[in-house]
Amino acid sequence: MDEVLKIVNNIKNGNFKPIYFLMGEEPYYIDILADYIEQNALSEEEKGFNQTVYYGRDVSIEDIVLTAKRYPMMAERQVVIIKEAQDLARTIDKLESYALNPMPSTILVFCYKYKSLDKRKKMTKLIDKVGVLYESKKLYENQVGDWIKRVLSAKGYSIEPKANAMLVEFLGNDLSKINNELEKLQIILPTNSVITPKHIEENIGFSKDFNNFELLNALGSRNQLKAFQIVQYFSDNQKANPLTLTLSTLFGFFIKILKYHGLKDRNPNNVAPVLGISPYFLKDYDLALKNYPMKKVSQIVTTLRTIDVKSKGVGANALPQSDLLKEMLYKIFN
């Protein structure tokens, strides 16, 4: 985020580079930067003659270079943006000759999503020297909650920890998807609002009472009734609650409990960062630690692996999700 702000601030101050190569697994910041350049590098009057947008599947490197070498018309600069530039991966090395001597009056922007250039190559080093080489990396899921808080804070909103956890649980680390949902909430809710689980349920469609987050709470506290109610809801709403996601979530939870058992330093200030969780949820892990000895946790991890294999049809004749979930709970609680 700091690097993105630095690039944006340079553009605001009129400090443009001849090449912006935006690459990486996380498309969200690539789109943010490309859109900012598209909207702000030229005035509306200048865009008609001096802004060109290509798509990687429809253009060649030769055509891009030819356009980039043109002089702007009645303007200080021209902008050439290549969206979905990853479709040019096989020929992208041909850009090297242009990177040796880029047109100073052209801002050439590549949106190279889901992959990155080899930083050892001469062309990559040239782009980094004369322009901006930005790599947008995927956030780990344990970093997404803080990202959500920062984004909302910048817009004048805050979010309850449980609501934050629900978003991460259901949307993972797809920042574009999360941002779209946050923008929906910002349209509905006035500035300075605190986003709650109820807001998530009513406006995004995730049940605040029947979800993997609540299932973890039920298991951690050994609340069998609640756990069976939740898995029944999952069985009745399988499309919105895929078994693979539930198993993955539970597996991650119990692996962390196993790791917690092995910690010598159980100071709360140490445990949360080591486990990669928010300190707010540490009490839930403390409860699970008391309720499940290390040997039992190891058995549960094995159970989850077995259920996962069965869900793929190995060793079981396509058992329904409801049966697999009930078998899982029975083995966890016994």
Side-chain angles (χ1 to χ4, degrees), residues 141-142 145 160-172 196-198 200-202 204-261 271-272 275-313 315-316 318-334:
E141 284 203 7
N142 61 8
E160 290 185 3
K162 181 179 175 181
N164 197 329
M166 288 171 67
L167 284 174
V168 177
E169 177 198 337
F170 286 101
L171 300 175
T196 68
K198 187 176 181 181
I200 301 295
E201 181 177 40
E202 291 178 347
I204 300 179
F206 307 143
S207 171
K208 65 182 177 64
D209 297 315
F210 297 97
N211 55 62
N212 286 316
F213 178 73
E214 291 299 325
L215 180 58
L216 292 183
N217 283 340
L219 291 174
S221 60
R222 295 191 65 84
N223 187 334
Q224 296 189 36
L225 176 60
K226 183 179 178 182
F228 275 98
Q229 287 174 337
I230 292 171
V231 300
Q232 183 60 53
Y233 178 87
F234 286 0
S235 300
D236 295 337
N237 301 273
Q238 295 184 26
K239 189 174 181 180
N241 302 277
L243 179 59
T244 51
L245 178 59
T246 297
L247 292 175
S248 173
T249 302
L250 297 189
F251 185 81
F253 177 73
F254 282 104
I255 285 293
K256 286 174 182 173
I257 298 301
L258 199 61
K259 190 173 184 179
Y260 197 172
H261 273 294
V271 173
L275 296 185
I277 62 173
S278 166
Y280 177 85
F281 297 110
L282 189 56
K283 62 183 184 300
D284 299 323
Y285 284 80
D286 287 336
L287 185 58
L289 190 76
K290 294 175 183 177
N291 285 330
Y292 297 97
M294 181 178 282
K295 184 177 180 180
K296 179 60 179 176
V297 177
S298 297
Q299 292 172 353
I300 291 172
V301 169
T302 300
T303 293
L304 293 172
R305 285 175 173 152
T306 301
I307 297 296
D308 181 53
V309 170
K310 286 185 177 182
S311 72
K312 295 177 173 64
L319 287 173
Q321 176 171 316
S322 59
D323 288 352
L324 290 172
L325 285 169
K326 289 173 184 175
E327 178 185 343
M328 176 191 76
L329 291 187
Y330 177 81
K331 290 183 175 179
I332 288 176
F333 286 126
N334 293 283

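What you are looking at is a predicted structure, and each value in this text was computed from that prediction instead of being measured.
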Phe228 vs Leu325 side-chain heavy atoms within contact, under 4.5 Å:
no
Between Ser311 and Leu243, the two heavy atoms sitting closest are CB-CD2, 3.5 Å
Heavy-atom closest pair (Gly145 atom, Asn164 atom, distance to 0.1 Å) is O-ND2, 3.0 Å
For Asp286 and Tyr260, does a side-chain donor sit closer than 3.5 Å to a side-chain acceptor?
yes
Distance, nearest 0.5 Å, that separates OG1 of Thr246 from CG of Leu216
9.5 Å
Taking Asn334's backbone N and O only, do any of them form a donor-acceptor pair with Lys296's side chain (distance below 3.5 Å, no angle check)?
yes
If you look at every heavy atom in Glu214 and Lys162, which pair is closest and at what distance?
OE2-NZ, 2.5 Å
Minimum heavy-atom distance Ala218-Ala227, with the two atoms named
CB-N, 3.8 Å
Once you round to the nearest 0.5 Å, how far does NZ of Lys312 lie from CD1 of Ile307?
11.5 Å
Under a 4.5 Å cut-off applied to non-hydrogen side-chain atoms, are Leu250 and Met328 in contact?
yes
Under 3.5 Å: donor-acceptor pair, side chain of Tyr292, backbone of Ile332
no
Among Ile230, Val231, Leu215, find the one that has a side-chain contact (heavy atoms from CB on, under 4.5 Å) with Phe210.
Ile230
Atom CD1 of Ile255 and atom NZ of Lys259: how far apart are they, to the nearest 0.5 Å?
10.0 Å
Indicate the atoms forming the closest heavy-atom contact of Met166 with Ile200, along with that distance.
CE-CG2, 3.8 Å
Looking only at heavy atoms, which two atoms of Phe281 and Pro161 are closest? And how far apart?
CZ-O, 3.5 Å
Please round to the nearest 0.5 Å and tell me the distance separating atom OH of Tyr233 and atom CG of Asn211.
9.0 Å
Is the Tyr285 ring parallel, tilted or perpendicular to the Phe253 ring (thresholds 30°, 60°)?
tilted
Does Phe333 CZ have over 12 foreign heavy atoms under 6.0 Å away?
yes
Return yes if some donor-acceptor pair links the side-chain N/O of Ser248 with the main-chain N/O of Leu245 below 3.5 Å, else return no.
no
To the nearest 0.5 Å, what is the distance between NZ on Lys283 and CG on Asn217?
8.0 Å
Would you call Thr249 and Phe213 a side-chain contact if the rule is heavy atoms closer than 4.5 Å?
no
Determine whether Gln232 and Asp236 make a side-chain contact, defined as any pair of heavy atoms from C-beta on separated by less than 4.5 Å.
yes
Taking the side chain as every heavy atom from C-beta outward, state whether Phe254 and Leu258 have any pair of such atoms under 4.5 Å apart.
no
Rounded to the nearest 0.5 Å, what's the gap from CD on Gln299 to CG on Leu304? Could you check?
12.0 Å
